[in-house]
Amino acid sequence: MTSFSFDRDNSLYKNRDALLEEYTPNNLVGRDDELEEYHAALQPIINGEAPSNIFLYGKSGVGKTAATRFLLNQLQEDAARYDDITLSVVEINCDGLNSSYQVAVRLVNTLRDPADQISNTGYPQAQVYSFLWDELDELNGTIIIVLDEVDHINDNSILYQIPRARSNGYLEHAKIGLIGISNDLSFRDSLSAKVRSSLCEKEVSFPPYDATELQKVLSQREQVAFHENALAEDVIPLCAAYGAQDAGDARQALDLLLEAGDLARKDAAEQVVDHHVQEARRKLERDRIMEGVADLTQHARLILYALTSLEAEDNSPARSRDIRPRYEQLCNHIGTEALTSRRMRDHLADLAMLGVISSTEKNEGMSGGKYREHALKQDLHLVVSALEETIELAGVHESIRPYYQSLLDERED
DNA sequence: TTTCCACAGGAATAAAGGGCGA
DNA sequence: TCGCCCTTTATTCCTGTGGAAA
């Protein structure tokens, strides 16, 4: 019988945690100009002046959050040297919070004792804000509130309320500075003028990393995370090249390096090499799709299933009116009413956003009009395996039978 | 230059569901 | 238990879009 005892294996990693998202390095490489600008925006705090509101923008994985943690840690250390400054930092990530109400609840719960938390629903909005002002005023001094991924919030209410809380008389003692971090470059323009003028007092833009900068970032982490010679020579350049290709995203490049390291360790390899990186890349992409599809509603999955079956018949790209009959057929099969075309288009747009399908705009002018064509963006086998439960529920469509069967065969082996 | 097509997608609104305080 | 408040998912209605054809 196989033995499942655990033995410590530190042959490759020295400190694997250095590749994780929560790790903050001692210095940030490749972001000198941005740090300088950001530093200047935070300077009033240490001078004992009212903090500015700062808006950071740039695509995901370009160092916005890391720069914030790095500078705020430094700021807190330095502020401790001055008796007349009490500085508190509250950081929350707005991913999964899509209203000001939910953000306010999260802030209250972050500030409160775990035994005294409030529920996510049930209170009038004004009541939740009132809880928030009480908590902030109790902290006293200068408070920096960091809202990461602030573009996930659908309404601007909290972005308007927080900067004005003191002038509106909700706060007596606390001085608030708001730092909003956004991955969505158009978010700033979508804000109303009054929110923009208060939130975007100071703006710092983070451009994507280029391959050279990514190499610096990866090499810095390599030295902390891995033993000497644990990586083959081309591993860092390869991860950096993929990272630069994926919109200059250092987070993805680091995840790739971590996954490649884990695969090498699983193989009991002496060194992380090229093929570990390739395999890691496939695995990360696969995980991302599987996770995305698992979170979809039943109708979104049926719509994806409809498109998948059309793809298997070589009938893609397909416009929404071609997908609809197949989708209705699947709904019929499981005895549920199909959603309206409008809602179906919403789901198709969500699937495109997720990166499972691609949508291209077409225009045939006077006779044909304007429409979108949809096709699978991912490997058919992968989508079929992500949709397995839906396929079982709605019946195996003839066109995807071979793909579904190969999935079952694979599992048998 | 104007017209027309097909449908994308914005806005308003409804329905269902869940938590809270009284 | 009831009314209130919020969220999520959906529907209905309607305007906007842009390239080919007239």
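Order of the sequence lines sets the chain letters (A, B, ...), proteins ahead of strands, with each chain counted from 1. Atom set for the values below is all heavy atoms of this structure, side chains included, hydrogens, waters and symmetry mates excluded.
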Next item on the list: Would you state whether a donor and an acceptor, one from the side chain of A:Arg342 and one from the base of B:dG10, lie under 3.5 Å apart?
Entry: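 Present.
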Roughly, in whole Å, what's the span from [atom1] in [X] to [atom2] in [N]?
X: A:Lys370; N: C:dA21; atom1: NZ; atom2: P; value: 17 Å
X: A:Glu364; N: C:dA21; atom1: CD; atom2: P; value: 9 Å
X: A:Phe131; N: B:dG19; atom1: CZ; atom2: C1'; value: 13 Å
X: A:Arg106; N: C:dT7; atom1: CZ; atom2: P; value: 14 Å
X: A:Tyr327; N: C:dA10; atom1: OH; atom2: C1'; value: 10 Å
X: A:Lys362; N: C:dA20; atom1: NZ; atom2: P; value: 11 Å
X: A:Tyr371; N: B:dC7; atom1: OH; atom2: C1'; value: 11 Å
X: A:Glu361; N: C:dG16; atom1: CD; atom2: P; value: 16 Å

Checklist line | First of A:Glu373 and A:Gly365 reached from the 5' end of DNA chain B, by closest nucleotide | finding: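 Per heavy-atom nearest nucleotide, the more 5' residue is A:Gly365.
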Margin query: Heavy-atom nearest nucleotide on DNA chain B for A:Arg372 versus A:Ser367: which residue maps closer to 5'?
Written below: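 So the residue in question is A:Ser367.
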Margin query: Quick check for you: among C:dG18, C:dA10, C:dA20, whose closest atom lies nearest to any side-chain atom of A:Asn363?
Written below: C:dG18
Notebook entry, point to check: Between B:dC4, C:dT7, C:dA10, which nucleotide has the shortest distance from any of its atoms to the side chain of A:Arg343?
Noted result: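 Nearest nucleotide to the side chain: C:dA10.
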Item checked: Mutual orientation of the aromatic rings belonging to A:Tyr170 and A:Trp133 [parallel < 30°, tilted 30-60°, perpendicular > 60°] ->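 Taking A:Trp133 first and then A:Tyr170, their aromatic rings lie parallel (interplane angle under 30°).
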Next item on the list: State, to 0.1 Å, how close A:Leu348 and A:Ser320 come at their nearest heavy-atom pair, and which atoms those are.
Entry: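 In this case the closest contact between A:Leu348 and A:Ser320 is CD1-CB, 4.0 Å.
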Notebook entry, point to check: If you look at every strand shown and take non-hydrogen atoms under 4.0 Å, does A:Ser341 touch a base, only sugar-phosphate, or nothing?
Noted result: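 No contact.
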Next item on the list: Output, in order, the C-alpha distance, side-chain angles, deciding distance and verdict of side chain to side chain donor-acceptor pair (under 3.5 Å) for A:Gln252 and A:Tyr242.
Entry: CA-CA 9 Å; A:Gln252 279 192 33; A:Tyr242 279 136; over 6 Å; no
Notebook entry, point to check: Are the ring centres of A:Tyr129 and A:Phe131 closer than 6.0 Å?
Noted result: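 They do not qualify: ring centres at least 6.0 Å apart.
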